[in-house]
Amino acid sequence: MRYLIPFAESADRLSDLDVEVWDGSTPLPSVIDDVEFFVPPYTFNKEYYQPIADMPALRVVQLLTAGYEHAMHLMRPGLLLANARGVHDASTAEMALTLTLAAQRNIAGYVRNGDQGKWVRDERPSLADSRVLIVGYGSIGEAIERRLAGFEVSVTRVARSAREGVHPISEVLDLLPEADVVILITPLTEETRGLVGAGFLAAMRDGALLVNVARGPVVDTDALLVELTSGRLRAALDVTDPEPLPADHPLWSAPNTLISPHIGGQTSAFWPRGRKLIEEQIRRYEAGEPLTNLVWPA
């Protein structure tokens, strides 16, 4: 076996090659010594990545996640690591917009009132006329902006490095006071871990909304709780730190906070895009062509 992948449909389309399927629901094949190209199942559970350490012939690890920090500890000389850049753009951008709109218009509050048969009306901030700051302007950031285009907002873009129309991350503290909504979609790296700490949050304007569809540790949870508990800021979080969030964690009961369980990329749109990426990458590898989306070695 040269290729070990999680999708039977892709294996059927690659039937001319030595491909086997392992999606994590069955035991790992007993012999994996010859695997050159490994696609772990779509999960953040570290046990599904551990076979990387036991594959002596391995050359390529192709992830189905856009983030790759959870696999870095298993990298070694001679390996290539590719992420799923582009696969999650549509789903994660939808989630960012869903969280933003739901938080702005208090959808969770209306659902809770409805469960109790309460008809309670209030006035909420509109997304229209808002100033939105996207922190982490890669392919998903671009997809978020495309979906914001019809909502009559102004968008400011921030990335690690400056380019035309995009501010460098070094300027983010100067940009925060003008933003009504801050959407985080940065990768988790040593530079971005704890990026959104007390200083970052203090620079946000009163009443602003923080939307995190990046990774939980990008935000200092304790610092965020201080701002949420005081009522000064609001948050809509698809990711948290820790994760999964324990049932007794104070984030669950923090005021003006909406939480979803890290499901931004988990939609029907993911599967066909994920299968297409795997098949294209394997065909490239088989033909000796350069792979796309390589993230390691850097």
Side-chain angles (χ1 to χ4, degrees), residues 1-95 138-140 142-143 187-188 215 262-298:
M1 157 182 43
R2 294 182 65 207
Y3 302 97
L4 185 60
I5 66 176
F7 296 141
E9 298 93 329
S10 293
D12 289 342
R13 284 190 282 270
L14 297 166
S15 59
D16 56 314
L17 303 177
D18 188 7
V19 180
E20 286 198 28
V21 175
W22 180 61
D23 64 4
S25 66
T26 58
L28 186 72
S30 57
V31 179
I32 56 175
D33 290 352
D34 296 330
V35 173
E36 297 178 31
F37 195 113
F38 176 46
V39 184
Y42 179 48
T43 176
F44 290 98
N45 189 328
K46 290 185 177 180
E47 70 178 85
Y48 292 101
Y49 297 87
Q50 195 56 43
I52 292 170
D54 302 318
M55 296 176 173
L58 190 62
R59 296 293 176 266
V60 178
V61 178
Q62 172 64 62
L63 301 179
L64 287 167
T65 55
Y68 50 89
E69 71 283 350
H70 49 285
M72 286 301 297
H73 68 290
L74 293 166
M75 293 301 100
R76 59 182 185 263
L79 285 186
L80 297 176
L81 178 66
N83 74 344
R85 177 183 170 89
V87 168
H88 298 281
D89 292 7
S91 298
T92 305
E94 285 179 359
M95 194 67 195
S139 63
I140 298 178
E142 293 173 3
L188 179 60
R215 290 289 185 267
H262 200 159
I263 54 169
Q266 197 165 339
T267 72
S268 59
F270 159 72
W271 303 106
R273 289 164 170 80
R275 289 191 292 267
K276 181 181 179 183
L277 173 65
I278 289 172
E279 293 159 23
E280 289 178 349
Q281 290 283 70
I282 288 177
R283 291 298 183 190
R284 288 189 185 98
Y285 180 78
E286 188 72 15
E289 298 173 355
L291 301 178
T292 62
N293 294 359
L294 291 177
V295 294
W296 194 87

Item to check | Residue pair P41 / P6: nearest heavy atoms and the distance that separates them | outcome: CA-CB, 4.1 Å
Checklist entry - Less than 4.5 Å apart, any side-chain heavy atom of R2 and any of Y285? => result yes
Checklist entry - Tell me, do L277 and N293 make a side-chain contact under 4.5 Å, heavy atoms counted? => result yes
Checklist outcome for this item: Output for pair (M1 CE, M55 CE), nearest 0.5 Å, gives 7.0 Å
Next on the checklist: Side chains of E286 and Y3: any donor to acceptor distance under 3.5 Å?
Outcome noted: yes
Next on the checklist: Is any side-chain heavy atom of Q266 closer than 4.5 Å to one of H88?
Outcome noted: no
Item to check | Validation row: Y49, L63 side chains within 4.5 angstrom (heavy atoms) | outcome: yes
Item to check | Contact summary for P290 and R284, nearest pair of heavy atoms | outcome: O-CD, 3.2 Å
Checklist outcome for this item: When rounded to the nearest 0.5 Å, the distance separating OG1 of T65 from OH of Y42 is 7.5 Å
Checklist entry - Taking it one step at a time, do R273 and D89 satisfy side chain to side chain contact (heavy atoms under 4.5 Å, CB included)? => result CA-CA 10 Å; R273 289 164 170 80; D89 292 7; over 6 Å; no
Checklist entry - Can you tell me how far the CZ atom of R85 sits from the CG atom of L294, to the nearest 0.5 Å? => result 12.5 Å
Checklist entry - Without hydrogens or angle criteria, can the side chains of Q281 and T292 be said to hold a donor-acceptor pair below 3.5 Å? => result yes
Item to check | Any side-chain heavy-atom pair of K276 and V87 under 4.5 Å | outcome: no
Next on the checklist: Classify the ring geometry of W22 against F38: parallel below 30°, tilted from 30° to 60°, perpendicular beyond 60°.
Outcome noted: parallel
Checklist outcome for this item: CD1 of I52 to CG of L81, rounded to nearest 0.5 Å, is 7.5 Å
Checklist entry - Side chains of R76 and L58: does their closest heavy-atom pair fall under 4.5 Å? => result yes
Checklist entry - In terms of side-chain geometry, is the basic nitrogen of E36 or R59 positioned less than 4.0 Å from the acidic oxygen of its partner? => result no
Checklist entry - Taking the side chain as C-beta and beyond, is there a heavy-atom pair between P40 and L64 under 4.5 Å? => result no
Checklist outcome for this item: Heavy-atom nearest pair, V19 first then A11, reads CG1-CB, 3.9 Å
Item to check | L79 side chain near L74 side chain, heavy-atom distance below 4.5 Å | outcome: no
Item to check | CE on M95 to CD1 on I263, rounded to 0.5 Å | outcome: 4.0 Å
Checklist entry - Can you name the closest pair of heavy atoms from E279 and S10 and give their distance? => result OE2-OG, 2.7 Å
Item to check | Steps toward ring pair (Phe, Tyr, Trp, His ring centres under 6.0 Å) verdict (H70, Y48) | outcome: CA-CA 11 Å; H70 49 285; Y48 292 101; over 10 Å; no
Checklist entry - For S91 and A269, which heavy atoms make the closest approach, and how far apart are they? => result OG-CB, 3.7 Å
Checklist entry - From F37 CZ over to I5 CD1, what is the distance, rounded to the nearest 0.5 angstrom? => result 9.0 Å
